[in-house]
Amino acid sequence: MKAPDLSNPSHENELNENLEAKDNVADSHETENLKEDYVSEETSESKLDGNTEDNSDSASEMDSELQKEPDYTSMEKGELKNRLALLLENESLSAIKEKVEAIKQNFYKKHKEEVEAAKQKFLADGGVEEEFDFGTDELEVHVREMLQKFKEKKSELNRNVEQEKEDNLKKKYQIIEDIKELVNRKESFDKTFHEFRVLQKKWHEIGMVPQQALKNLWDNYHHHVENFYDYIKINKELRDLDLKKNMASKIKLCEEAEKLLNESSVVKAFNTLQKYHEQWREIGPVPREDKEKLWARFKEATTVINRKHQEYYEGLKSEQKNNLAQKTVLCEKAEEIANRVIGSHKEWNSSSKEIIDLQKEWRTIGFAPKKENNRIYQRFRAACDLYFDRKRDFYMALKEKLNVNLEKKKELCAIAESLQDSQDWKGTTEKLIAIQKEWKNIGPVPRKVSEDLWVRFRAACDKFFNNKSEHFDNADAGQVENLKLKEALIEEVKGFELGEDNDSNLNALRQFQKEWSKIGHVPYKKKDKLQESFRKAINGLYDRMNMDSDNKEVQKFKSKIDTFLTMSNSEDKIIIERNKIVNKIRQLESDIALWENNVGFFSSSKNSNVVSEIQEKIERGKQNLAILNEKLKVIDGLVS
């Protein structure tokens with residue numbers, strides 16, 4: 001699964017659009033390109049959206065629900081969805097942009113809260129975070145589809161606007177051509193002037209044109225309008241009246257621009273000033289003697305507002321650079337965490353908290369510079385995605401391992417259950433202890449079956465050990481009697497008097513050994529000490545017998561092997577004993593060969609003591625080797 005999602009970087013880019021807007025201040029007043037005959041030009045948005053005065057009746061009839069701005073934060077998801085559908089069906093796209101965005105933010109905030117609540121309930125019910133699936137939310141699907149259609153319609157509208165601007169440009173150039181033709185007419189003044197006014201009215205009604213063509217268009221228009229005025233020698237009183245009206249309009253714009261100096265929002269003041277500049281261009285000429293003075297007044301307010309705007313965005317740029325530095329540090333931390341070697345559930349929980357804390361901190365930091373904003377966001381998102389991909393892979397592998405462990409423990413349960421009724425107390429005890437150790441080494445299994453599986457395994461083991469305990473509780477009386485018999489036998493061995501005949505003595509010792517083997521089990525805690533006392537008594541008799549030490553060693557070994565044969569795991573003990581003897585023989589043969597080689601090396605030496613010591617070692621080694629070989633024959637004789 002993936003980790004928790006960050007805010008869309010496209011939203012972060014919106015504010016940055018203003019950084020470039022500061023360079024687009026309507027500043028054509030600084031050149032001679034602005035002509036005096038500015039005409040008012042209506043915006044094309046009202047035309048494109050159909051919001052002209054002719055539509056005032058239909059607007060007044062719109063559902064009262066659309067007229068008021070509701071509190072979207074208090075509306076449920078279904079109400080937000082219905083409100084969005086109502087807006088898309090009844091209002092123009094340009095009028096509902098902010099409303100749609102508000103609905104979108106509130107809807108997905110509530111949707112996210114529902115998903116988080118469902119996830120917490122799932123985890124509280126024992127679910128695993130990686131297995132959580134919220135499912136399909138039909139309301140969210142409908143809202144997403146409507147938002148996509150809204151986006152597509154906006155794109156189509158923008159294309160239509162651009163195409164209309166191109167058409168408007170052609171129409172306005174045609175009007176300029178028509179004004180040029182007026183100077184060649186031989187008609188009456190009234191008719192020519194009337195046609196001129198009609199063309200001006202058409203010019204006003206056409207709407208916006210492409211920004212890059214605006215200056216050249218107005219230059220052409222002003223030039224030919226002035227030519228027309230010069231040509232027809234319009235009545236001075238009429239012209240003066242027109243100039244005074246234009247001057248009053250421009251004085252009003254100066255006053256409005258000066259009011260903007262007290263506006264608290266720098267951005268709002270700047271945007272409003274741009275509209276005033278558009279109106280200034282559209283207003284016609286003023287008296288020549290007032291032209292420069294009036295423009296200087298308007299320009300003075302413009303300069304102050306532009307400077308404030310410039311300073312505001314310079315400060316914003318500095319803040320965004322600082323934000324970029326902070327976000328770069330967060331990226332580095334996220335990348336370090338994403339590339340850590342993490343091998344345990346505890347470590348994943350700890351590192352997940354670190355990543356989530358970084359994401360929370362990221363959301364508290366403002367936007368980075370526009371050119372860097374998306375890149376730094378993608379870098380941070382890539383590190384988070386890498387981390388959560390690795391975490392998902394870990395838990396998938398862990399889940400697979402848990403299932404493997406589950407099968408192994410099921411097999412151990414089956415083995416324990418097959419042994420639970422056994423009466424081979426010693427052998428089964430060893431087996432159960434072995435599989436209990438194996439159980440501990442296997443590792444964890446899925447949590448939902450862990451307890452039931454352990455109860456099953458424990459029940460089988462407990463059944464056997466309870467049976468064993470009950471059996472030996474009943475056998476205690478017999479073991480106490482056996483203890484007395486073996487203690488009496490030990491005393492008998494200690495009091496035995498050896499004869500002159502070694503064969504008779506050896507037969508007697510073997511008989512003691514057989515009697516010992518015939519006596520049954522004794523209490524477990526007494527077993528080792530009793531066995532040691534018996535071996536010590538037997539070996540004491542061997543030590544007092546009249547025979548060479550090597551023979552005594554071999555006879556003691558035979559007695560030891562006879563004791564092994566009485567035990568339940570005799571075969572294992574005898575094999576272990578044989579391996580010890582074989583290893584000693586190999587080591588002793590190697591030592592003897594080395595000593596014999598050293599004798600040859602030191603034979604020419606003047607130090608005869610060294611040679612003697614080595615020869616003594618060789619003799620003792622050969623003697624011990626002979627005894628070891630005799631012991632090996634005793635064991636191998638049992639097999640043959």
Side-chain angles (χ1 to χ4, degrees), residues 422-430 433 465 467-581 584 627-628 630-640:
S422 172
Q423 294 184 357
D424 179 7
W425 309 119
K426 182 175 179 58
T428 303
T429 296
E430 293 174 351
I433 290 174
F465 286 111
N467 291 342
K468 177 182 176 182
S469 178
E470 183 179 354
H471 169 78
F472 281 104
D473 286 345
N474 295 330
D476 280 348
Q479 291 180 353
V480 171
E481 183 62 29
N482 292 338
L483 174 63
K484 294 178 179 179
L485 292 174
K486 287 196 172 184
E487 287 176 342
L489 182 58
I490 291 173
E491 292 302 320
E492 184 180 351
V493 172
K494 289 180 179 179
F496 181 75
E497 294 293 337
L498 294 171
E500 296 295 330
D501 185 7
N502 282 337
D503 289 338
S504 298
N505 292 334
L506 290 174
N507 288 333
L509 267 58
R510 291 191 185 100
Q511 188 61 37
F512 287 142
Q513 184 71 50
K514 289 178 181 179
E515 290 181 25
W516 179 271
S517 300
K518 288 178 182 179
I519 301 173
H521 294 290
V522 297
Y524 185 78
K525 293 182 179 180
K526 301 283 187 178
K527 176 185 174 183
D528 291 338
K529 186 176 181 180
L530 204 64
Q531 182 69 34
E532 178 62 25
S533 296
F534 179 72
R535 293 294 313 148
K536 186 176 180 180
I538 290 292
N539 287 338
L541 293 177
Y542 278 117
D543 291 337
R544 297 203 306 270
M545 288 177 63
N546 184 21
M547 63 175 66
D548 61 78
S549 59
D550 292 350
N551 193 10
K552 287 181 182 180
E553 184 72 20
V554 174
Q555 293 302 325
K556 288 181 181 180
F557 182 75
K558 286 181 180 180
S559 177
K560 181 179 180 180
I561 296 300
D562 289 339
T563 303
F564 285 167
L565 292 174
T566 65
M567 299 179 181
S568 57
N569 57 344
S570 60
E571 184 176 350
D572 293 339
K573 289 185 174 296
I574 291 174
I575 290 174
I576 292 172
E577 192 68 28
R578 187 182 190 282
N579 290 336
K580 289 181 180 178
I581 293 172
K584 288 181 179 179
I627 294 173
L628 290 173
E630 287 298 323
K631 290 181 178 181
L632 187 60
K633 288 179 181 179
V634 171
I635 294 177
D636 291 344
L638 296 175
V639 179
S640 60

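It should be emphasised that the depicted structure is a prediction, and the values quoted were computed from it without experimental measurement. For the numbers below, each heavy atom of this structure counts, side chains included, while hydrogens, waters and symmetry mates do not.
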- Message: Tell me if the centroids of the rings in Phe512 and Phe534 come within less than 6.0 Å of each other.
- Response: no
- Message: Please evaluate residues Glu532 and Lys536 with respect to the criterion salt bridge (Lys or Arg N to Asp or Glu O under 4.0 Å), reporting the C-alpha separation (whole Å), side-chain torsions for both, the decisive distance (0.1 Å), and the verdict.
- Response: CA-CA 6 Å; Glu532 178 62 25; Lys536 186 176 180 180; over 6 Å; no
- Note on the structure: Distance col, row Lys526:NZ vs Lys486:NZ, nearest 0.5 angstrom, shows 14.0 Å
- Item | Atom pair CG (Leu632) and CD (Glu577), whose distance is rounded to the nearest 0.5 Å | 11.0 Å
- Nearest-0.5 Å distance that lies between atom NZ in Lys494 and atom CD in Glu491: 5.0 Å
- Can you name the nearest heavy-atom pair linking Leu628 to Ile581, along with the distance? O-CG2, 3.6 Å
- Message: What I'd like to find out is whether the side chain of Lys426 reaches to under 4.5 Å of the side chain of Thr429, using heavy atoms alone.
- Response: no
- Heavy-atom closest pair, residues Gly427 and Asp424: N-OD1, 3.3 Å
- Here the pair of heavy atoms bringing Ser533 nearest to Ile490 is CB-CD1, 3.8 Å
- Note on the structure: d(Ile519 CD1, Leu483 CG) to nearest 0.5 Å is 10.0 Å
- Note on the structure: In short, Trp516 meets Gln531 closest at the heavy-atom pair NE1-OE1, 3.3 Å
